[in-house]
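Structure first, then comments.
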Amino acid sequence: MLIHDLSKLASHDCKDLRFILTDFDDTLTWEGQLPVETLRALAALKENGIKVIPVTGGCAGWSDMIARALPVDGVITEGGACFIGKTLDLHLTYEFWREESTMRAEQARLLDEVNKVLVQFPRLKLARDQSYRLTDVAIDYAQDVKPAAIEEKNACLLALTALGLNVKASSIHINVCSEGYDKFSMAQRVLSQVYGLSEAEQQEQVLYVGDAPNDESMFARFPLCVGVANIAEHLSIMTHRPRYKTTQPGGLGFAELADFVLSARSF
């Protein structure tokens, strides 16, 4: 599929936009940091009535901080396992895909399977945030592992897949989770059950932005979908690609997108 420059996104497609769902690592951040431009963009979107919901493979502990500290409406965390929402008085709520106790038991089984595989790949490690995960297992290949262990990552993906495990790669981690959900399935549940959007309204009022193969379920379902510039390194292995791309990478690209959307809505 041909990917168009962001400038090709029609202004009228932004008029009814109410939600921007976004990956976090290397989409809101860049080179491990949250750019000032990104924070300003998030604040401007909120001020103009557009709800931003990060949809991340990051851990629940990290996502709890995001929900509390940033101008976002909530966070879908651990690849779709849980939605951390906010009440009107800014208390946080946790809604799991299945019962929390069931998902914690599944996580323990997955961790045992992953540890058996990791002995084959000494450069790969459990992510440092594993202790703050409630449902899945994350393997670091490019966050604290420098230089990135790309060959080992690819081989590990094959080994885990051969065991029948549900695995996806982000720009920094391999995420291993139980079956039945992904970023899109939880996003659809949240949009319909929490915000009352029909499927037709979701197609018209929601834009998704991401940077990696684990965003494919979102790119496949939302017509308004954007990749930040650094997605270019992953496109050759992706089946479902974004329709548009920014010229800037990571959080700088997100700020570029926010400026475009807000400018289009002003006319």
Side-chain angles (χ1 to χ4, degrees), residues 1-31 34-35 37-46 48-57 72-73 76 80 168-171 182-188 190-191 197 199-267:
M1 183 182 73
L2 179 64
I3 302 177
H4 302 283
D5 289 338
L6 185 60
S7 60
K8 301 297 183 182
L9 177 60
S11 296
H12 64 78
D13 285 333
C14 301
K15 293 296 185 182
D16 296 326
L17 194 64
R18 293 178 54 206
F19 295 84
I20 292 181
L21 274 53
T22 175
D23 180 62
F24 199 89
D25 290 301
D26 294 323
T27 301
L28 288 181
T29 65
W30 185 237
E31 296 181 336
L34 185 72
E37 293 89 342
T38 310
L39 184 56
R40 288 173 177 163
L42 290 170
L45 289 166
K46 181 177 181 179
N48 283 272
I50 297 179
K51 300 181 186 298
V52 176
I53 301 175
V55 186
T56 177
V72 299
D73 220 59
I76 295 173
K168 294 181 178 67
S170 72
S171 59
D182 56 18
K183 285 186 172 186
F184 175 75
S185 55
M186 180 58 95
Q188 186 177 50
V190 168
L191 291 168
L197 269 65
E199 289 190 24
E201 289 172 329
Q202 292 178 32
Q203 298 289 296
E204 298 172 351
Q205 299 179 20
V206 179
L207 181 149
Y208 184 74
V209 54
D211 76 301
N214 68 338
D215 297 307
E216 287 193 77
S217 68
M218 305 292 269
F219 293 146
R221 289 351 196 287
F222 289 111
L224 295 177
C225 55
V226 178
V228 287
N230 44 298
I231 199 171
E233 65 184 280
H234 303 292
L235 291 176
S236 64
I237 61 171
M238 293 177 63
T239 301
H240 302 289
R241 300 175 176 184
R243 293 193 177 192
Y244 306 95
K245 64 178 177 64
T246 65
T247 62
Q248 296 294 310
L252 302 177
F254 181 87
E256 177 187 346
L257 170 64
D259 288 344
F260 181 91
V261 168
L262 295 176
S263 177
R265 285 163 58 92
S266 67
F267 289 101

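The figures that follow rest on heavy atoms only: side chains count, while hydrogens, waters and symmetry mates do not. In what follows, residues are counted from 1 in the order of the sequence shown.
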Go through the structure and list residues passing side-chain contact (heavy atoms from CB on, under 4.5 Å) with Lys46, not counting sequence neighbours. Pro71
Looking at side-chain heavy atoms only, is the closest gap between Ser170 and Asp25 below 4.5 Å? no
What are the two closest non-hydrogen atoms of Cys14 and Leu9, and how far apart are they? SG-CD2, 4.0 Å
In terms of heavy-atom contacts, Leu28 and Pro54 come closest through CD1-CG, 4.3 Å
Atom pair CG (Leu17) and CD1 (Ile50), whose distance is rounded to the nearest 0.5 Å: 5.0 Å
Taken in chain and number order and not counting sequence neighbours, the residues that satisfy side-chain hydrogen bond (donor to acceptor under 3.5 Å, both in side chains) with Asn214 are none
Closest non-hydrogen contact found for Tyr208 with Val55 is OH-O, 4.1 Å
Using modelled atom types and a 3.5 Å cut-off, is there a donor and acceptor pairing between side-chain atoms of Thr27 and backbone atoms of Thr22? no
Excluding sequence neighbours, so at least two apart, what forms salt bridge (Lys or Arg N to Asp or Glu O under 4.0 Å) with Asp211? none
Across all chains, not counting sequence neighbours, the salt bridge (Lys or Arg N to Asp or Glu O under 4.0 Å) partners of Lys183 are Asp23, Asp215
Under the side-chain hydrogen bond (donor to acceptor under 3.5 Å, both in side chains) test, residues paired with Gln205 that sit two or more places apart: Arg18
His234 and Ala212 have their tightest heavy-atom pair at CD2-CA, 4.1 Å
Kindly list each side-chain donor-acceptor pair under 3.5 angstrom involving residues 218-227, sequence neighbours excluded, with atom names and distances?
{"unit_1": "Arg221", "atom_1": "NH1", "unit_2": "Ser217", "atom_2": "O", "d": "3.4"}

Quick one: side-chain hydrogen bond (donor to acceptor under 3.5 Å, both in side chains) partners of Asp182, sequence neighbours excluded? Ser185
Asp73: which residues meet the side-chain hydrogen bond (donor to acceptor under 3.5 Å, both in side chains) condition with it, sequence neighbours left out? Tyr195
If the condition is side-chain contact (heavy atoms from CB on, under 4.5 Å), which residues does Ala10 pass it with, not counting sequence neighbours? His12, Asp13
Once you round to the nearest 0.5 Å, how far does CG of Asn48 lie from CG of Leu262? 5.0 Å
Is Glu256 reaching over with its side chain to a backbone N or O of Thr246, donor-acceptor style, under 3.5 angstrom? no
Quick one: do Lys245 and Asp5 satisfy side chain to side chain contact (heavy atoms under 4.5 Å, CB included)? Show the steps, please. CA-CA 5 Å; Lys245 64 178 177 64; Asp5 289 338; 3.1 Å; yes
Test side chain to side chain contact (heavy atoms under 4.5 Å, CB included) applied to Val228 and Val209, step by step: CA-CA 7 Å; Val228 287; Val209 54; 4.0 Å; yes
As an exercise, state the distance from CZ of Phe19 to CG of Leu207, rounded to the nearest 0.5 Å. 12.5 Å
Atom pair OG/CD1 of Ser171 and Ile231 - distance to nearest 0.5 Å: 10.5 Å
Heavy-atom pair of closest approach, residues Gly251 and Trp30: N-CB, 4.0 Å
Sequence neighbours excluded, the answer for side-chain contact (heavy atoms from CB on, under 4.5 Å) partners of Glu37 is Pro35, Leu252, Ala255
Value for CE (Met186) from CG (Leu21), rounded to nearest 0.5 Å, stands at 12.0 Å
If you look at every heavy atom in Pro213 and Ile237, which pair is closest and at what distance? CG-CD1, 4.0 Å
To the closest 0.5 Å, what do you measure between CG (Leu42) and CZ (Phe254)? 5.0 Å
Would a distance-only check, ignoring hydrogens and angles, find a side-chain to backbone donor-acceptor pair under 3.5 Å from Asn230 to Gly250? yes
